[in-house]
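A short write-up of the structure that comes next.
Remember, predicted model here, so these are calculated numbers, not experimental data. Residue numbering restarts at 1 for every chain, and letters A, B, ... go by the order of the sequence lines.
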There are 2 protein chains.
Amino acid sequence: MSPLVARLGRVNEAELLTDRERRAWYGLLTMQEDLHRHLSRELIRDCSITLSDFAVLSTLQMSGRAAMRVHEVRAAVRWEKTRLTHQISRMTSRGLLARIRCDEDRRGVWIALTDEGRAAIEAALPGHVARVRAMFLDVVPPKHLEILASISESVLEGLEEDADDTGS
Amino acid sequence: MSPLVARLGRVNEAELLTDRERRAWYGLLTMQEDLHRHLSRELIRDCSITLSDFAVLSTLQMSGRAAMRVHEVRAAVRWEKTRLTHQISRMTSRGLLARIRCDEDRRGVWIALTDEGRAAIEAALPGHVARVRAMFLDVVPPKHLEILASISESVLEGLEEDADDTGS
DNA sequence: CCTTAACGGGTGACGTGTCACCAATATTCC
DNA sequence: GGAATATTGGTGACACGTCACCCGTTAAGG
């Protein structure tokens, strides 16, 4: 990170981040990338599923329902439409999910866990939660976790205000 | 997000996150994904470069040097080795970077900004910084930015302790 | 020295995420 | 009731990130 701070004098002041801003912003970026990398690697190694798989599987399992519509899963994970479609296709072809015809709305599709999918998420959950704790939750004091939660809430609120886009 | 909290009763308590933990963890994940998506989209639309391009270009520009070795850039951005190689290849083929032979260490390579690369980062920097401010830095109170910086520092410290891996 | 290990960097394949675009069904509004 | 419109979901192409693995060079250790 140190090369990033060298020779700032040349550029317009207002175009650059203050030291505090830079620490917070680059810290956030690198923390998230490193966490993602570590968790992803270990989840694949131990359970043969990816973080994206985990997000979909746990959404379905936590719903406590037999099946969910695609757009319901989408609302839960907050992904782009096509990202979820592709993800479901991959997981279906690997036997983790099943697509089921929807008669109430014939445009739609029901998504359900297969037995294999349920087994996968049940096998993965405890270890993954433990790793999230070890890498993150147990490292950060509870008061700071509260603050982080409130930070993300206000940031996400701000992002939704410019909801001009096509399908976010 | 609400489907995630339904019907938690069935699963082992210790395997699940508390409410505070869940708000912090899922908040972090979604905030980072949404920020990345928005910033990426706007950078591509306005400047035709990606966030990864931006990271490499700004590292080189901020260094204030004519060229950097690949492993120096890598230390700055904290990426996997091959990720940076691929990124440099793509950017070189698009004319943003140049690979230059290294005589001091004939295994190595110098990476330098081309004129086009310098123009790209200079064009992108102010707008990108402004968007980071608008989406994130200005939304979060300064005291919370400090806390966030300290959070990421301790988390990253923790991650580096289990540096057993091959090439992280 | 000369062997062995470590370093610096790269390749190809594959899974992931986004974009532009499409198909089909539901809904709205006259 | 029929045309415009929104909703639900999907496809194919392409850029990105990781893994397994490779090559050439430098440094270490006998």
Could you state the [atom1]-[atom2] distance from [X] to [N], rounded to the nearest angstrom?
| X | N | atom1 | atom2 | value |
| --- | --- | --- | --- | --- |
| A/Glu42 | D/dT18 | CD | C1' | 15 Å |
| B/Arg78 | D/dG17 | CZ | P | 16 Å |
| B/His71 | D/dT26 | NE2 | P | 14 Å |
| B/Arg45 | C/dT18 | CZ | P | 16 Å |
| A/Gln87 | D/dG9 | CD | P | 16 Å |
| B/Leu51 | C/dT18 | CG | C1' | 13 Å |
| B/Lys81 | C/dA6 | NZ | C1' | 11 Å |
| B/Arg74 | D/dT18 | CZ | P | 11 Å |

Taking only Lys NZ, Arg NE, NH1 and NH2, and the carboxylate oxygens of Asp or Glu, determine whether [X] and [Y] approach each other closer than 4.0 Å.
| X | Y | value |
| --- | --- | --- |
| A/Glu116 | A/Arg94 | no |
| B/Glu104 | B/Arg69 | no |
| A/Glu72 | A/Arg65 | yes |
| B/Arg37 | B/Asp34 | yes |

> Is there a residue in residues 98-116 of chain A whose heavy atoms reach under 4.0 Å of DNA chain D, and which residues are they?
Replying inline: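 When residues 98-116 of chain A is checked for heavy atoms under 4.0 Å from DNA chain D, the hits, listed by number, are A/Arg99, A/Arg107, A/Gly108, A/Val109.
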> How long is the gap from OG1 on A/Thr30 to CD on B/Glu153, to the nearest 0.5 Å?
Replying inline: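 If we round to the nearest 0.5 Å, A/Thr30:OG1 and B/Glu153:CD are 9.5 Å apart.
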>> With rounding to the nearest 0.5 angstrom, report the CG to OG1 distance, A/Leu39 to A/Thr50.
In response: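 Here the rounded value is 12.0 Å.
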>> Please determine whether any donor N or O and acceptor N or O are separated by less than 3.5 Å between the side chain of B/His86 and the base of D/dT18.
In response: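 Indeed, a donor on one side and an acceptor on the other fall under 3.5 Å apart.
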>> Which residues in residues 90-97 of chain A have a heavy atom closer than 4.0 Å to any atom of DNA chain C?
In response: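 Those residues whose heavy atoms fall under 4.0 Å from DNA chain C, taken from residues 90-97 of chain A in numerical order, are A/Arg90.
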> Taking the six-membered ring of B/Trp25, is NZ or CZ of B/Arg22 closer than 6.0 Å to its centre and within 45° of its axis?
Replying inline: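 Relative to the ring axis of B/Trp25, which defines the angle, B/Arg22 lies outside at least one limit.
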> Is a side-chain N or O of A/Thr92 found less than 3.5 angstrom from the main chain of A/Ala98, in a donor-acceptor match?
Replying inline: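 Checked: no pair found.
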>> Donor-acceptor pair, distance only, cut-off 3.5 Å: does the side chain of B/Gln32 make one with the backbone of B/Leu29?
In response: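 Flag not set: sc B/Gln32 to bb B/Leu29 has no pair under 3.5 Å.
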> Nearest nucleotide by nearest heavy atom, which residue falls closer to the 5' end of DNA chain C, A/His36 or A/Thr82?
Replying inline: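 Whichever sits nearer the 5' end wins; that is A/His36.
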> If you check the A/Arg41 side chain, which of D/dC16, D/dC19, C/dT16 turns out closest?
Replying inline: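 Ranking D/dC16, D/dC19, C/dT16 by closest atom to the A/Arg41 side chain puts D/dC19 first.
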> D/dG9, C/dG8, C/dG17: which one has an atom nearest the side-chain heavy atoms of A/Arg83?
Replying inline: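 From the listed options, C/dG17 comes nearest.
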>> Classify B/Ser52 by what it touches in the nucleic acid, base, sugar-phosphate, or nothing, heavy-atom distance under 4.0 Å.
In response: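 The answer is sugar-phosphate, as B/Ser52 gets under 4.0 Å only of primed atoms, P, OP1 or OP2.
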>> Applying a 4.0 Å non-hydrogen cut-off, can you work out what B/Thr50 is touching in the nucleic acid: base, sugar-phosphate, or nothing?
In response: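 It contacts sugar-phosphate atoms only.
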> Using a cut-off of less than 4.0 Å, is there contact between a side-chain N or O of A/Arg37 and OP1 or OP2 of D/dT18?
Replying inline: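 Yes.
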>> Going by ring pair (Phe, Tyr, Trp, His ring centres under 6.0 Å), name the residues that satisfy it together with B/His128, two or more places apart in sequence or in a different chain.
In response: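 For B/His128 the ring pair (Phe, Tyr, Trp, His ring centres under 6.0 Å) partners, ignoring immediate neighbours, are B/Phe54.
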> Which sits closer to the 5' end of DNA chain D, A/Glu33 or A/Val70, going by the nucleotide each is nearest to?
Replying inline: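 Whichever sits nearer the 5' end wins; that is A/Val70.
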